[in-house]
Amino acid sequence: MYPFFGIEEHPGEGELTLLRPDTWAELEVRDTCFFDDLATGGLSACLPRIHSPTRDVPPGFLRRVTGVARVDHEDPVLPIEENHTSRWTFPSHQLNILNAYTQPVTEHTPDRPAQRYDAALADAIETRWQARWKADGTYHTPNPAGSLTEGPTNAPADLATRPKLFIMDMFPYPSGTGLHVGHPLGYISTDVYARYKRMTGFNVLHTMGYDAFGLPAEEHARSTGEHPRVNTEANIANMSRQLARLGLGHDDRRAIATTDESYYRWTQWIFSQIFNAWFDVENDKARPIAELEAEFESGARAPDDGRTWAEMTAGDQRALINEFRLAYVSEAPVNWCPGLGTVLANEEVTAEGRSDRGNYPVFRRPLKQWMMRITAYADRLLDDLDLLDWTDSIKTMQRNWIGRSEGAHIDFRVPTASDDDGEVANIRVFTTRPDTLFGATYVVVAPEHPLVDNLTAEAWPESTKSAWTGGADAPATAVAAYRHRTSQMSDLERQENRDKTGVFTGSYAVNPVNDESIPVFIADYVLMGYGTGAIMAVPGQDERDWEFATEFDLDIIRTVQPPPDFEGDAYVGSGPAINSGFLDGMEIDEAKSATIAHLVELGAGESTITTKLRDWLFARQRYWGEPIPIVFDEDNNARSIPDDQLPVNLPDLIDWAPRELDEDSDPEPPLGRAEGWTTVDLDLGDGLKTYKRDLNTMPQWAGSCWYYLRYIDPLSDDIVANPVSEKYWMGGDDPEAGGVDLYVGGVEHAVLHLLYSRFWHKVLFDLGHVSTPEPFKRLINQGYIQAYAFVDDRGIYVEASDVVEADGHYQYEGQTVERQYGKMGKSLKNSVTPDDMYRDYGADTLRLYEMFMGPIDQDRPWETKSVVGSQRLLQRIWRNLVDEDTGELSIADVATPPDLERVLHRTIEAVRADMSSLSFNTSIARITELNNELTKLEGPTPRVVADALVRMISPLVPHIAEELWSRMGNADSVVYADFPTANPALLVDDEVEIPVQIKGKVRSRITIPADADEESTKAAALADPRIIELLDGAEIRKVIVIPGKLVNIVA
RNA sequence: GCCCGGAUGGCGGAAUUGGCAGACGCGAGGGAUUCAAAAUCCCUUGUCCGAAAGGGCGUGUGGGUUCAAGUCCCACUCCGGGCACCA
């Protein structure tokens, strides 16, 4: 049916020969992401019209195509040269040609006007202006000092002295799969806002970088043997190309990648700053480590072990200091992931106990690792949330993550056991309910608790109940068995199985307030990682303790009086204290303070605060990350590399082979395989010595913790950022606020990135390197673009673009398929790429559609069929200003009709308000209304209206705006033109029509002067013939008048 | 289980402080133009009754406050997200 024409398929390249001059060539390709690569290889224009089956498709043309190319270098509409041959190249795994067909060209003479705003014209306009912007440096943003002080060649002279606005997107990881239309949603939003702010008097800093260290590139390297940098840079190039085509107004001089040596040098510098700092609890801030050394030297601070500073060896001194550092090495239980060959932070482990990336199993085991003392900042990270203009949900998530709770430490002495110092063992518990202490009927310590061995009695006491022993004949056996069992359980099993288990240790603890002896258990419902790893159990007031007490036949004493109608088990509500000695009758808060005061007197407790936040595990045993700039001396003490010897460059590796690791093996850092790199001779101030390098790399979060700072001053090589520029862009003159003015990104970074970044920033703030307490003043989480996906009856996804709707059902190749709704992505076969949209509509249409779909923070469904609405708006605006046939301007210096003038100024007012609040969807609606007025207008468009219209659309659709602006005779770019201002006099009408209601229902309308007072409005309403008729003489009880708004008559 | 957020026509969504529900767009229907189509322009489009005029109903469900409720209060249903044996 369709003659196959000469196509050969090769793994790396192909050759296409057209045999007939009158044919369209049609290639069915599986992946259109790299279509431009195909084009640059020789196949030039893609046919946009093929993708709009309702238009311009010759009858009989194949519909089932996802990409169409034809061989022509000039104009897609011209006939094809005879026997034309083109070559192209492409990676076979990315582009797969399934079929090639030819089809006779039918009568197909689109008589479109020469200057219709269609995809081809949009493409020409867009590429031309993008080249122009680049040549002019239009988006170059001037710094106040240091480097990059120059602005664009044709910008306003005062640009550098204007008020600043710093706008950021969460920068992407350069993925190899390219973009789909969901990715740039946030980038378009920030670009529109940045452009609007440039036109309203601000010096705007907006650029883009790449978070380019990370696992995928390293996994790619493992499978191909290619250096991760090669793959990373290729991905960055492709993503940059796709993004550049959107016309984003970024200062490309400031673009960074975290993998640049000139960037990660400063990531390492920040690590050294943190390493060389300690947290001064009294002053609640970080200070340089040298000041701590000085305190020890002067005797203002003494070592714990009784020695004086002078008595200690240099190595011991160094070891002591190291314990105070904000970055420290610690042997602690960590998350070991053999599948990835690395340890992971708590935050990177899923609730199921698997790795966030790759979904490999994760095991808890003690290992020596770098930690960062983020817990020192828990209070400030919590309190300073109040300074931020973030959504409550994000703040709540951070608060929950930090998990601060106020309570008390209470000491339960165990007279029969001794601790490591040979004293009577003392179990310190944490509780938020000290008021319930009289109801404590047993004590539970976590199975991993260090005191467990000491607490384990030699034999079961006489009072031991059979349920408590786990069937063992001695406490030691029972405890060992129980601990073994818990250690074998995965986090998932532990989470799914909430039945209360545990065993008695054989010891009894003494309740400090009533000297009762209560049994001590170990049970896995008490977690070592929270509080003190031990609790006093109050089954009367705690549901978990109630369950355990019921299971193990333990006493239950209520200490709070439940209401009479209470029918549950444990009572956690409020009420007066009972069975509590001197507390009886007190409400909970009063009883808490009374208990704590009493405990302090007894020396058995004190009030305290606990957080869920743990210190940040900072080392990874991976290659593709920043090397930790640390060496170890002969005492195995960590020493930082001097700033002037940074960066510590990643060594090149030859051996990429994966290592087979299991739960019990130790991590093998890949950097350990870099021969000649692992040791180094350095002079760290005490002569040239040989040191062992740290073989770890930093986690992926490191680079993204501080990139806002480098955007400010990306070129400086002697300082992280010029302080004058830093203060200007971060708004550091305001000590309470400041920070990036707008930060837009996905909600998935609500805790990890945003918490780590705030932590680093606060350390830098304490050390005087930044001028604001917080990095990001205002945060918005953009919604996600969702898409429909379709599954057939085998449950397999089918190509969503080929599904047709027929009377309520969805069909794919004649078969009914089921529609699902979710994320856009390759695996669901529902991706739409920006490249598709550039080809079919142009970048401005894509921008406009994405902004029109809905509010910025809301998820929204992608509908390719609706994109045409946004294209039509641009076509109509174009047609109202330009003659489609001749290309001449259809605007004139004529007086604006008064009604149109009012509409114009109301539009300006509304668009300004909507742009300011990032309500781009409604500002587009207002612009559409104005343009609809112009469409109705007979004769040419008045110049003043055209001028304002072009200025107003320019943040949204900068290319078409520049084109119209230029055609209207403006030499300078519209980017720095002033945004129109409404004339207040034109915002109010002389007369208004208001509704008249009877008992809240609109029954009539009256037209009255806009400034009519209450009396005359009421009179006019009551005089309305329709109202008189409907009232029919009924008694009027009340008349509510809202002047200029409405009248409501109650009869 | 706890904490957030949400529910408005066939679809995406609009609606400062309670004050004309459904802006704007998509889709659909009709018309003009055209040999025909595409494109363009115009009209209609929440729903029910009605020839029309006009009227009834209507913002997830059930109550309430108010002259007036999508908006405020109470109870509930469903959907989305986060946390989860955190003492």
Side-chain angles (χ1 to χ4, degrees), chain A residues 49 52 54-57 59 107 110-113 116 118 351 391-397 399-401 403-405 407 429-433 436 444 494-495 497-500 523-527 529-538 541-545 547-548 610-612 747-748 750-751 781 805 808 848-849 852-855 857-863 865-870 872-873 875-876 879 884 910 913 917 919 921-929 932 935-936 993-1002 1005 1037-1042 1044-1051:
Chain A
R49 48 187 58 102
S52 310
T54 55
R55 295 188 281 128
D56 293 330
V57 180
E107 296 306 309
D111 53 350
R112 329 196 92 204
R116 157 90 22 106
D118 57 12
T391 61
D392 286 339
S393 72
I394 298 279
K395 288 188 184 182
T396 304
M397 282 162 75
R399 286 195 185 103
N400 289 344
W401 192 266
R404 177 192 159 104
S405 49
V429 307
F430 173 75
T431 178
T432 55
R433 293 290 304 275
T436 63
V444 186
R494 214 162 151 158
Q495 195 180 340
N497 178 13
R498 297 205 171 194
D499 292 343
K500 294 291 174 288
D524 67 357
Y525 83 95
V526 172
L527 310 174
Y530 182 75
T532 60
I535 62 156
M536 63 177 203
V538 187
Q541 263 68 234
D542 185 285
E543 284 167 12
R544 296 151 303 183
D545 296 344
E547 284 174 30
F548 190 88
T610 286
T611 60
K612 278 196 262 180
V747 70
E748 70 272 20
V751 276
N781 295 113
E805 187 179 353
L848 192 64
Y849 175 64
F852 184 61
M853 288 164 84
D857 54 355
Q858 200 169 300
D859 290 349
R860 57 198 87 179
W862 180 265
E863 264 197 334
K865 69 170 187 183
S866 293
V867 178
V868 69
S870 296
R872 272 182 211 150
L873 172 59
Q875 283 176 338
R876 287 172 187 158
R879 192 154 46 233
E884 284 192 323
S917 62
S919 306
N921 54 333
T922 51
S923 66
I924 294 167
R926 298 288 88 79
I927 289 169
T928 308
E929 285 173 317
N932 286 347
T935 304
K936 282 183 217 152
E993 190 191 64
I994 64 167
V996 180
Q997 300 177 333
I998 296 177
K999 287 201 279 192
K1001 294 196 184 228
V1002 180
R1005 289 164 189 286
R1037 290 193 293 166
K1038 200 173 178 184
V1039 179
I1040 286 105
V1041 179
I1042 313 292
K1045 285 271 190 182
L1046 118 173
V1047 178
N1048 191 11
I1049 299 165
V1050 187

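Within every chain, numbering begins at 1; the chains are lettered A, B, ... in the order of the sequence lines, protein sequences first and strands thereafter. The shown structure was predicted, so the numbers you read here are calculated from the model rather than taken from an experiment.
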Asker: Does any nucleotide pair with B:rG1 by Watson-Crick or G-U wobble geometry, both distances under 3.5 Å, and what is it?
Answerer: B:rC83
Asker: For the pair A:Asp545 (side chain) and A:Val538 (backbone), establish whether a donor and an acceptor sit closer than 3.5 Å, ignoring hydrogens and angles.
Answerer: yes
Asker: Ignoring hydrogens and angles, state whether a donor on the side chain of A:Ser405 or A:Tyr530 is under 3.5 Å from an acceptor on the partner side chain.
Answerer: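 On atom types as modelled, these side chains qualify, holding a pair under 3.5 Å.
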Asker: When the P atoms of B:rA39 and B:rA51 are considered, how many whole Å apart are they?
Answerer: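 Comparing P positions in B:rA39 and B:rA51 gives a spacing of 37 Å.
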Asker: Please state the C1' separation for the pair B:rG13 and B:rU59 - nearest whole angstrom.
Answerer: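 Approximately 13 Å lies between the C1' atom of B:rG13 and that of B:rU59.
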Asker: Can you name the closest pair of heavy atoms from A:Ile394 and A:Val747 and give their distance?
Answerer: CD1-CG2, 3.8 Å
Asker: Any N or O donor-acceptor pair under 3.5 Å from the base of B:rC85 to the side chain of A:Lys500?
Answerer: yes
Asker: Under the rule syn = chi within 90° of 0, otherwise anti, which is B:rG9?
Answerer: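 Syn for B:rG9; the angle stays within 90° of 0.
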Asker: Under a 3.5 Å cut-off for both distances, is B:rU77 Watson-Crick or wobble paired, and to whom?
Answerer: B:rA7
Asker: Given the P atoms of B:rA21 and B:rU40, what is the spacing between them in whole Å?
Answerer: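 About 34 Å, rounded to a whole number of Å.
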Asker: Quick one: A:Ile1042 CD1 to B:rG19 P, roughly how many Å, whole number?
Answerer: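 That distance rounds to 10 Å.
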Asker: Categorize A:Val867 for me: base, sugar-phosphate, or nothing, with a 4.0 angstrom heavy-atom threshold over every strand shown.
Answerer: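 Result for A:Val867 = nothing.
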Asker: If you check the A:Arg116 side chain, which of B:rG19, B:rU40, B:rA39 turns out closest?
Answerer: B:rA39
Asker: State whether A:Arg872 places a side-chain N or O below 4.0 Å from either non-bridging phosphate oxygen (OP1 or OP2) of B:rA39.
Answerer: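 No, outside the criterion.
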Asker: Which distance, rounded to the nearest 0.5 Å, do you find between the CZ of A:Phe430 and the OG1 of A:Thr532?
Answerer: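 It is 8.5 Å, given to the nearest 0.5 Å.
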Asker: Considering every strand shown, what is the Watson-Crick or G-U wobble mate of B:rA32 when both distances are under 3.5 Å?
Answerer: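 Result: B:rU40.
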Asker: Under a 3.5 Å limit for both distances, which nucleotide forms a Watson-Crick or G-U wobble pair with B:rU17, could you say?
Answerer: none
Asker: So A:Glu543, base contact, sugar-phosphate only, or nothing? Heavy-atom distance under 4.0 Å.
Answerer: nothing
Asker: From the options B:rC67, B:rC41, B:rC20, select the nucleotide whose nearest atom is closest to the side chain of A:Arg879.
Answerer: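 So the nucleotide nearest the side chain must be B:rC41.
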Asker: Using heavy-atom distances to pick each residue's nearest nucleotide on RNA chain B, tell me which of A:Gly531 and A:Trp401 is more 5'.
Answerer: A:Trp401
Asker: In whole Å, measure the gap between the P atoms of B:rU47 and B:rA23 for me.
Answerer: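 These two P atoms come out 13 Å apart once rounded.
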Asker: Do A:Val526 and A:Asp524 have side chains that approach each other closer than 4.5 Å (heavy atoms only, starting at C-beta)?
Answerer: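 When only atoms from C-beta onward are counted, A:Asp524 and A:Val526 do not touch, as no gap falls below 4.5 Å.
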Asker: Taking donor-acceptor contacts at under 3.5 Å, does the side chain of A:Arg1037 reach the base of B:rC67?
Answerer: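 No, the side chain and the base share no sub-3.5 Å donor-acceptor pair.
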Asker: On a whole-Å scale, what distance lies between the C1' atoms belonging to B:rA84 and B:rG19?
Answerer: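 The same atom, C1', in both gives a distance of 45 Å.
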Asker: For A:Asp524, which contact category applies under a 4.0 Å heavy-atom criterion: base, sugar-phosphate, or nothing?
Answerer: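 Contact class for A:Asp524: base.
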Asker: Given B:rG19, B:rA87, B:rC26, which nucleotide is nearest the side-chain atoms of A:Ser866?
Answerer: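 That would be B:rC26.
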Asker: Please report the distance, rounded to the nearest Å, between CD in A:Glu863 and C1' in B:rG27.
Answerer: 9 Å
Asker: Could you walk me through whether A:Ile1049 and A:Val996 pass the side-chain contact (heavy atoms from CB on, under 4.5 Å) test, one step at a time?
Answerer: CA-CA 8 Å; A:Ile1049 299 165; A:Val996 180; 3.9 Å; yes
Asker: Look at all strands and tell whether A:Glu547 reaches a base, only sugar-phosphate, or nothing, counting heavy atoms closer than 4.0 Å.
Answerer: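 Contact class for A:Glu547: none.
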Asker: Taking the six-membered ring of A:Tyr525 as reference, does the NZ or CZ atom of A:Lys500 fall below 6.0 Å from its centre and within a 45° cone about the axis?
Answerer: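 Relative to the ring axis of A:Tyr525, which defines the angle, A:Lys500 lies inside both limits.
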Asker: Separation of A:Leu873 atom CG from B:rG13 atom P, in whole Å?
Answerer: 19 Å
Asker: Provide, to the nearest angstrom, the distance between the OH atom belonging to A:Tyr530 and the C1' atom belonging to B:rC83.
Answerer: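 After rounding, the reported distance stands at 14 Å.
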Asker: Between B:rA14 and B:rG46, how far apart are the two C1' atoms, rounded to whole Å?
Answerer: 15 Å
Asker: Between atom CG in A:Asn1048 and atom C1' in B:rC67, what is the gap in whole Å?
Answerer: 5 Å
Asker: Could you tell me whether A:Arg926 contacts a base, only the sugar-phosphate backbone, or nothing, with contacts defined as non-hydrogen atoms closer than 4.0 Å?
Answerer: base
Asker: Given B:rG25, B:rC42, B:rC67, identify the nucleotide with an atom nearest to the side chain of A:Phe852.
Answerer: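 Side chain of A:Phe852 sits closest to B:rG25.
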Asker: Please work out if A:Ser405 contacts a base, only the sugar-phosphate, or nothing of the nucleic acid, heavy-atom cut-off 4.0 Å.
Answerer: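 Here A:Ser405 touches the backbone only, sparing every base.
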Asker: Rounding to the closest angstrom, what is the interatomic distance between B:rG5 and B:rG60 at atom C1'?
Answerer: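 The same atom, C1', in both gives a distance of 16 Å.
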Asker: Output the single nucleotide from B:rG13, B:rA87, B:rC26 whose closest atom is nearest the side chain of A:Gln858.
Answerer: B:rG13
Asker: Taking the side chain of A:Tyr525 as its heavy atoms from C-beta onward, which of B:rA21, B:rC85, B:rG25 lies nearest to it?
Answerer: B:rC85
Asker: Looking at the side chain of A:Lys1001, which of B:rA87, B:rG12, B:rC57 is the nearest nucleotide?
Answerer: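 Nucleotide nearest to A:Lys1001's side chain: B:rC57.
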Asker: Using OP1 and OP2 only, check whether a side-chain N or O of A:Asn932 sits under 4.0 Å from B:rG25.
Answerer: yes
Asker: Quick one: A:Asp392 CG to B:rG6 P, roughly how many Å, whole number?
Answerer: 11 Å
Asker: For A:Ala925 and for A:Thr922, find the nucleotide of RNA chain B with the closest heavy atom, then tell me which residue's nucleotide is more 5'.
Answerer: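 Going by which nucleotide is closer to the 5' end, it is A:Thr922.
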Asker: To the nearest Å, give me how far apart CD1 (A:Ile394) and P (B:rG82) are.
Answerer: 11 Å
Asker: Show, in sequence, the C-alpha distance, side-chain angles and deciding distance for A:Gln858 and A:Met853, and conclude whether the side-chain contact (heavy atoms from CB on, under 4.5 Å) test is met.
Answerer: CA-CA 10 Å; A:Gln858 200 169 300; A:Met853 288 164 84; over 6 Å; no
Asker: Between CE of A:Met397 and CG of A:Asp392, what distance do you get to the nearest 0.5 Å?
Answerer: 13.0 Å
Asker: Any idea which of B:rC42, B:rA87, B:rG13 is nearest the A:Pro861 side chain?
Answerer: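 From the listed options, B:rG13 comes nearest.
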Asker: Reckon A:Gln997 has a side-chain N or O less than 4.0 Å from the OP1 or OP2 of B:rC67?
Answerer: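 For B:rC67, OP1/OP2 do not have a side-chain N/O of A:Gln997 under 4.0 Å.
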Asker: Rounded to the nearest Å, what distance is computed from the NZ atom of residue A:Lys1045 to the P atom of nucleotide B:rU17?
Answerer: 11 Å
Asker: Select base, sugar-phosphate, or nothing to describe what A:Arg399 touches, counting heavy atoms under 4.0 Å on all strands.
Answerer: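 Touches nothing.
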Asker: Between B:rC3, B:rA23, B:rC85, which one does the side chain of A:Glu929 approach most closely?
Answerer: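 The answer is B:rA23.
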Asker: Rounding to an integer number of angstrom, what distance separates B:rA52 and B:rA68 when you compare their P atoms?
Answerer: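 So the two P atoms sit 33 Å from each other.
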Asker: My understanding is that a pair needs two contacts under 3.5 Å, Watson-Crick or G-U wobble. By that rule, which nucleotide pairs with B:rG46?
Answerer: B:rC57
Asker: Could you tell me which non-hydrogen atom of A:Val429 sits nearest to which non-hydrogen atom of A:Ile535, and how far apart they are?
Answerer: CG1-C, 3.5 Å
Asker: Could you tell me the Watson-Crick or G-U partner of B:rU66, where both distances fall under 3.5 Å? Say none if there is no partner.
Answerer: none
Asker: Does B:rA14 have OP1 or OP2 under 4.0 Å away from a side-chain N or O of A:Asn921?
Answerer: yes
